[in-house]
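Taking it in order: structure first as structure tokens, then the write-up.
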Amino acid sequence: ADPQDHKFSLQEVLDSFSRCLSESKQVYLEHYVAGWRGLVKFLNTLGNVFAFISKDAVGKVKILEGYLDGDSRVHYLTVQSMVQHELDNQLVDVSRRGAHPDSGCRTLLRLHRALRWLQLFLERLRVSGQDDSTSVMCADAYNQSLSQHHPWVVRKAAGLAFCVLPGRTAFFEVMNVGPEERVVSVLGEALPLISEVHRITEALYAQHGLLDLP
């Protein structure tokens, strides 16, 4: 495999999320998953610090790839069509874990929650100053989003992991889009797209009562 295939590129994530939305605001699952493949590379460039999230994300991405390539793939073109298909056919465990622990709806919800954390963290990074602490930025973003869905032991591990994060310069270097000004610019393009995808997904899940799937 080409080492470039494993190298994170912020531009690739921007491109994936820019293709994510149709004119009618349908969220294309294929491009959502592609965006997450890029975000996993980002997490992995930072070593084992984010392993507790990236390993879970990799598993979720593989499940969704299975739906995209499976016999029912016509129903998994968009997040909206996936939700409709799984609800219509009772393929979602709505109130308790049952026969469908790997439903597309539940799987995507886990990525959706983590996407909010990354969005908040990267926005803090984008507007940060040279002396701002990445550990504080990341912990604040986590506490505002993903932490409420994690048990105490995971929250504790996350807190310890954030303490050893590299500095701001290291984060900008792994973006692989050039100097700091360019990173800030590309983040400025990417984050509104990620935010809009998250907002539409959140509204869809709220509409169908799916935000707390077990």
Side-chain angles (χ1 to χ4, degrees), residues 1-47 49-50 53-54 56-58 60-62 64-65 68 76-80 82 107-130 132 134 137-138 140-142 144-146 165-204:
D2 186 339
Q4 292 296 319
D5 292 341
H6 302 288
K7 195 172 183 181
F8 172 68
S9 166
L10 178 59
Q11 187 65 49
E12 284 182 16
V13 171
L14 168 59
D15 292 344
S16 293
F17 279 101
S18 68
R19 290 191 288 264
C20 228
L21 291 177
S22 73
E23 289 185 11
S24 61
K25 302 297 185 183
Q26 299 280 304
V27 179
Y28 291 120
L29 192 59
E30 174 188 1
H31 298 306
Y32 186 96
V33 169
W36 255 106
R37 279 196 291 266
L39 291 173
V40 165
K41 289 182 188 178
F42 169 62
L43 295 173
N44 288 342
T45 60
L46 300 165
V49 176
F50 291 121
I53 292 175
S54 68
D56 186 55
V58 167
K60 300 294 186 281
V61 164
K62 285 181 178 174
L64 292 177
E65 286 173 341
L68 287 167
Y76 291 85
L77 293 176
T78 68
V79 174
Q80 287 86 347
M82 175 190 76
T107 301
L108 187 109
L109 178 61
R110 270 55 187 176
L111 293 175
H112 171 74
R113 292 169 176 172
L115 186 65
R116 177 64 174 160
W117 162 63
L118 282 173
Q119 175 207 335
L120 291 170
F121 174 46
L122 291 173
E123 178 58 30
R124 283 167 167 77
L125 202 59
R126 185 184 73 84
V127 299
S128 65
Q130 193 62 48
D132 290 340
T134 58
M137 286 185 267
C138 199
D140 284 349
Y142 177 76
Q144 193 179 329
S145 55
L146 203 50
L165 281 179
R168 181 173 173 272
T169 302
F171 274 98
F172 283 136
E173 286 174 355
V174 301
M175 301 290 182
N176 287 312
V177 290
E180 182 177 316
E181 301 76 26
R182 175 66 182 151
V183 175
V184 170
S185 174
V186 176
L187 281 173
E189 294 177 65
L191 288 170
L193 292 169
I194 292 173
S195 178
E196 180 70 351
V197 169
H198 184 277
R199 184 192 67 76
I200 290 169
T201 307
E202 180 87 1
L204 175 71

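Predicted model only: the values in this text are computed from it and were never measured.
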Do V79 and I200 have side chains that get closer than 4.5 Å, going by heavy atoms? no

Which distance, rounded to the nearest 0.5 Å, do you find between the CG of L108 and the OH of Y76? 11.0 Å

Rounded to the nearest 0.5 Å, what's the gap from CG on D56 to CZ on R110? Could you check? 8.5 Å

Which heavy-atom pair separates C138 from L165 by the least distance, and what is that distance? CB-CD1, 3.5 Å

Would you indicate whether the side-chain heavy atoms of T201 and R116 approach each other to under 4.5 Å? no

Side-chain heavy-atom pair L191, R126 within 4.5 angstrom cut-off: yes

Just so I know, are the side chains of L21 and V27 near enough to count as touching, which here means a heavy-atom distance under 4.5 Å? yes

Heavy-atom side-chain contact between H31 and V197 under 4.5 Å: no

Run the side-chain contact (heavy atoms from CB on, under 4.5 Å) check on L77 and E30 step by step: do they pass? CA-CA 7 Å; L77 293 176; E30 174 188 1; over 6 Å; no

Measure from the side-chain N and O atoms of D132 to the backbone N and O of G129, and report whether any donor-acceptor pair falls under 3.5 Å. yes

Heavy-atom pair with the smallest gap, counting every atom of P166 and A170: CB-CB, 3.6 Å

Which heavy atom of A57 sits nearest to which heavy atom of V40, and what is that distance? CB-CG2, 3.9 Å

Quick one: CZ on R124 to CG on D140, what's the gap to the nearest 0.5 Å? 5.5 Å

Salt-bridged, E12 to R37, with N to O below 4.0 Å? no

Please tell me if the side chains of L118 and W36 come closer than 4.5 Å, counting only heavy atoms from C-beta onward. yes

When rounded to the nearest 0.5 angstrom, what is the spacing between CG in L115 and CG in L109? 12.0 Å

Chi angles and distances behind the side-chain contact (heavy atoms from CB on, under 4.5 Å) call for M175, V186: CA-CA 10 Å; M175 301 290 182; V186 176; over 6 Å; no

Does this structure show an ion pair linking R199 with E196, if we count only N-O contacts that are shorter than 4.0 Å? yes

How far apart are the C-alpha atoms of E65 and K62, what are their side-chain angles, what is the distance that settles it, and do they pass the salt bridge (charged side-chain N to carboxylate O under 4.0 Å, His left out) test? CA-CA 5 Å; E65 286 173 341; K62 285 181 178 174; over 6 Å; no

Distance-only, no hydrogens or angles: does the R168 side chain make a donor-acceptor pair with backbone N or O of S128 under 3.5 Å? yes

How many angstroms lie between OG in S22 and CD in Q80, if you round to the nearest 0.5 Å? 7.0 Å

In Å, rounded to the nearest 0.5 Å, how long is the span from CG of L122 to OG of S195? 12.0 Å

Does the separation of the ring centres of F121 and F42 fall below 6.0 angstrom? no

For a quick test of reading the model, state the closest non-hydrogen atom pair linking L187 to F172 and the distance between them. CD1-CE2, 4.4 Å

So, the side chain of Q144 versus the backbone of W117: is there a donor-acceptor pair under 3.5 Å, distance only? no

Is any side-chain heavy atom of V33 closer than 4.5 Å to a side-chain heavy atom of L111? no

Under 3.5 Å donor-acceptor, T107 side chain and K60 backbone: no

Less than 4.5 Å apart, side chain to side chain, heavy atoms only: is that true for F8 and V13? yes

Cationic N near anionic O, under 4.0 Å, R19 to D15: no

Closest non-hydrogen atom pair between K41 and K7, with its separation: CD-O, 3.7 Å

Closest approach of N44 and S54, non-hydrogen atoms and distance? OD1-OG, 3.3 Å

